[in-house]
Amino acid sequence: MLLSNRTISDRLRHVINTGLKVLKGHPAIAVLVGLECFTAVTIILPYCQSNNLHGGDTIGHLEAVRFLRDHLFPRFSGWNPHFYAGFPQGIFYHPLFHYATALLSFLIGLEAAFKTVISLSILLVLPATWYLGKKVHLQQVAQSLWLVWVWVLLRFTPETWGGNVASTLVLGQVTNTIAMVPFFLYVASLPSLFTRHTFFASSLWLAGATLSHVFAGIASLLVLGGFGIIYVRSHRGILTLLLHLLTTFLLTAFWTLPFLANREYLRGATVTWEGLSVPFLVMLGLCAYMLFAKELGYSYPNESMHSLIVALFLLATFLYLRYLPDLPFHFYRFQIYAAYLAFFAVYVFVVCWRGMTIKISDVAILVILLGFGSTITTSRHKQQLGQPRESSVLEVHGPPDVHVQIPKVDGRVLCLGTTAGNLRFQHRALTFLVAREGNTVTDGLFMESAPNSPFLGSMFRMFDPFSPRFTPKNIPPNANKAEFYLRLFDVRYILSPHDHSGVPFLRPSTHEVDQRNLLPSGASELVFRLYELAAPSELIEVLNYQPVGVKDSWEKYVEEWWIRDENPPRLLVQTSTPLPDAHGSGGEAVQILEERLDDGYLKFHVAAEANVPILVKISYFPSWKAYQDGKPIPIYKASPYLMLVYGRNTIEFIYQPPRYTSYLFILSLGTLLFCATAVVAKQSPRIIANSRGNARKRNLTLLP
């Protein structure tokens, strides 16, 4: 009887027996399967079933994907009017997650695609780490401990670290965890990169890590440095390294080059830190001690392990060089990479250096690893404003539902948060729930990234002193200019849980606010009200005065201008040449002919006898072009970071990225196809040989 004629029960029994043999001979695979099943049941399943995607930054990422799918696709970047009076999406933030999720959403829907990508990223971390352990030749029990080490850190490290379950599901730092998968696979590919001089697969993984999160790209380069120090001994090794870096650059050029070209328009907040993480200092000293292995009479198990120790030392040194009084916001997330790789420092020191043989009975080693992993503490950073966030348990099911809905209104809406109970950090959800109805809001996903963020943050905190918003700088507001601030950014409505009935330039709006589930623990009563400016603002304003030209020290003058009293406040304009001698009379009529800011287009008509200064209350960015009656005119940067032109008649504003961005995308796509083809071509002979070997084995199982 042939094998193909066996009954179903025989086949099932054969599969089970084969699986048990594999698990018995490979305990690491058994540990991997067990941890994956436990994670799927306790984390992934309840997350997919009940998480409302409103927690922390999660809803911001969700709406960024929605905007990309509905307005930008197939482009990966474009103008988004919801980020601080407008900000380019996809240039300063890693595009891979948003684009992949948007692409998948066409098949299964937006929220399902979002949860699918997040779930897969969490589940793929352990297989990627298992593959790394295999490539650096860990023994089976050591492989098992390595998997346990990663799972402990993935599950129990603080939510502010990024790259773990808590940061993904509680704070919504989704791209950090996704980046862990290509990071581990990239580290696993480095031994082959230098021994076989095959760099295409490594370049793909490094590009994937960089486009998932730039911190993963930086950490990968530091690990590459550790491997290069140990492995590179010839000109061929140097050439392989250079070709690898060049290929990676070509794969990511469509994003990295526009990012670098426009980096002056990127802003980052800073935080002040208290103390250092003691376990990491111990790990840094341990790595420094082990760098002198040969001089101390020790030897490494293999060159890959030696490279990982050097890489860990470089990564830890880089991390602690950043522990300055003013640390760039989010840089503390590099801790997670050092924490994951710290296993190899403990493994080499405790096991290999002491001549111990790993056995299942060596429970002491497991205790050391789990103890080290679970007692890691992070430095606490001081929040700039408001009360410090209390550490919370893993919110697999998501935060309490918040429902605030207003109809589509004409003009920007300022959504203020609340400090009540569980809604303290739900201000982001409120903003995007309002935006879903087609409204233009003043907040967004990239809270601290836009040049206008410190000024809008100042305005937020003037109406809500406990507003938990991080901005590059805390610029104090001037209460005497509150109405001017709102008009400057064309904010016509304020949605707030606070009572603003005593503000003279605000009045209750006639629009109804639909709100439910707004009684969290700690809040006896919570009602959101909608206010509007008594005298409406306008998106386009003709100035009846001559703006003040500023040549140097733009940021300094703008910050002083924002605070100081001046009646009426005169806008500043950045210019290296004298401004035209022109101003409006106050009677010019402005008519908006077409407004499609979601698509980066604005067309209006100004009835004036001569050119007049026209303020367009949209954030300044070089990709905007202005045309008067079809002819290009210059756009000036007006305080704080808005756009101003001199003109009349019909004027168009069009968001036009440089043409070279299209060429870069074609270049990166061509490099991707070339690398993928090279990898497949290299693997094909091996796959064919394995299939032929398996066929011969099956023939031997035939019964007479």
Within a strict 4.5 Å, meaning less than it, do heavy atoms of the [X] and [Y] side chains meet?
| X | Y | value |
| --- | --- | --- |
| Leu35 | Val150 | no |
| Thr248 | Ser203 | yes |
| Leu221 | Leu245 | yes |
| Leu312 | Phe344 | no |
| Leu138 | Phe343 | yes |
| Thr157 | Gln335 | no |
| Leu224 | Phe194 | yes |
| Asn164 | Met180 | no |

On a heavy-atom basis, which atom in [X] and which in [Y] lie closest, and how many Å separate them?
| X | Y | answer |
| --- | --- | --- |
| Pro191 | Lys135 | CG-O, 4.3 Å |
| Gly172 | Thr58 | CA-OG1, 3.1 Å |
| Ala216 | Ala179 | CB-CB, 3.5 Å |
| Leu110 | Ser105 | CA-CB, 3.7 Å |
| Leu147 | Ala28 | CD1-O, 3.3 Å |
| Trp255 | Ile91 | NE1-O, 2.9 Å |

Please round to the nearest 0.5 Å and tell me the distance separating atom [atom1] of [X] and atom [atom2] of [Y].
| X | Y | atom1 | atom2 | result |
| --- | --- | --- | --- | --- |
| Leu241 | Ser202 | CG | OG | 10.5 Å |
| Ile29 | Ser144 | CD1 | OG | 9.5 Å |
| Tyr347 | Leu308 | OH | CG | 11.5 Å |
| Leu126 | Leu124 | CG | CG | 9.5 Å |
| Leu123 | Leu120 | CG | CG | 6.5 Å |
| Leu190 | Thr195 | CG | OG1 | 10.5 Å |

Write out all pairs satisfying side chain to side chain donor-acceptor pair (under 3.5 Å) with one or both partners inside [range], taking only residues at least two apart or from two chains.
| range | value |
| --- | --- |
| residues 31-49 | Thr39-Trp151 |
| residues 232-241 | His197-Thr240, Arg233-Glu303 |
| residues 107-127 | none |

**OP:** Could you note down all residue pairs passing ring pair (Phe, Tyr, Trp, His ring centres under 6.0 Å) where residues 164-190 supplies at least one of them, sequence neighbours left out?
**Re:** Phe183-Tyr337, Phe184-Tyr340, Tyr186-His244
Original post:
Can you list every pair that meets ring pair (Phe, Tyr, Trp, His ring centres under 6.0 Å) and has a residue in residues 111-145, with sequence neighbours left out?
Top reply: Phe97-Phe114
Original post:
Can you list the residues that meet the side chain to side chain contact (heavy atoms under 4.5 Å, CB included) rule with Phe92, with sequence neighbours excluded?
Top reply: Phe87, Pro88, Phe259, Asn262, Tyr265, Leu266, Phe621
**OP:** Return the set of residues passing side chain to side chain contact (heavy atoms under 4.5 Å, CB included) with Ser307 (not counting sequence neighbours), or none when no residue passes.
**Re:** Phe227, Ile230, Tyr231
Judged by atom type as modelled, is there a donor-acceptor pair below 3.5 Å linking the side chain of [X] to the main-chain atoms of [Y]?
| X | Y | answer |
| --- | --- | --- |
| Asp57 | Gly60 | no |
| Trp205 | Val181 | no |
| His213 | Asn176 | no |

Subject >> Of all pairs that satisfy salt bridge (charged side-chain N to carboxylate O under 4.0 Å, His left out), the ones with a partner from residues 95-106, not counting sequence neighbours >> reply: none
Subject >> Qualifying salt bridge (charged side-chain N to carboxylate O under 4.0 Å, His left out) pairs with a residue from residues 141-154, counting only residues at least two apart or across chains >> reply: none
**OP:** Name all residues meeting the side-chain hydrogen bond (donor to acceptor under 3.5 Å, both in side chains) criterion together with Thr168; count only those two or more places apart in sequence or in a different chain, and write none if there are none.
**Re:** Thr177
Show which side-chain atoms of residues 668-681 pair as donor or acceptor with protein atoms under 3.5 Å away, not counting sequence neighbours.
{"from": "Ser668", "atom 1": "OG", "to": "Leu250", "atom 2": "O", "distance (Å)": "2.8"}
{"from": "Ser668", "atom 1": "OG", "to": "Leu251", "atom 2": "O", "distance (Å)": "3.4"}
{"from": "Ser668", "atom 1": "OG", "to": "Phe254", "atom 2": "N", "distance (Å)": "3.2"}
{"from": "Ser668", "atom 1": "OG", "to": "Leu664", "atom 2": "O", "distance (Å)": "3.2"}
{"from": "Thr671", "atom 1": "OG1", "to": "Leu667", "atom 2": "O", "distance (Å)": "2.8"}
{"from": "Thr677", "atom 1": "OG1", "to": "Leu673", "atom 2": "O", "distance (Å)": "2.7"}

**OP:** Decide yes or no on side-chain contact (heavy atoms from CB on, under 4.5 Å) for Leu96 and Ile178, but give the supporting numbers first.
**Re:** CA-CA 10 Å; Leu96 186 58; Ile178 291 173; 5.7 Å; no
Subject >> With sequence neighbours excluded, residues passing ring pair (Phe, Tyr, Trp, His ring centres under 6.0 Å) with Phe106 >> reply: Phe73
Original post:
Do Tyr93 and His61 make the cut of ring centroids closer than 6.0 angstrom?
Top reply: yes
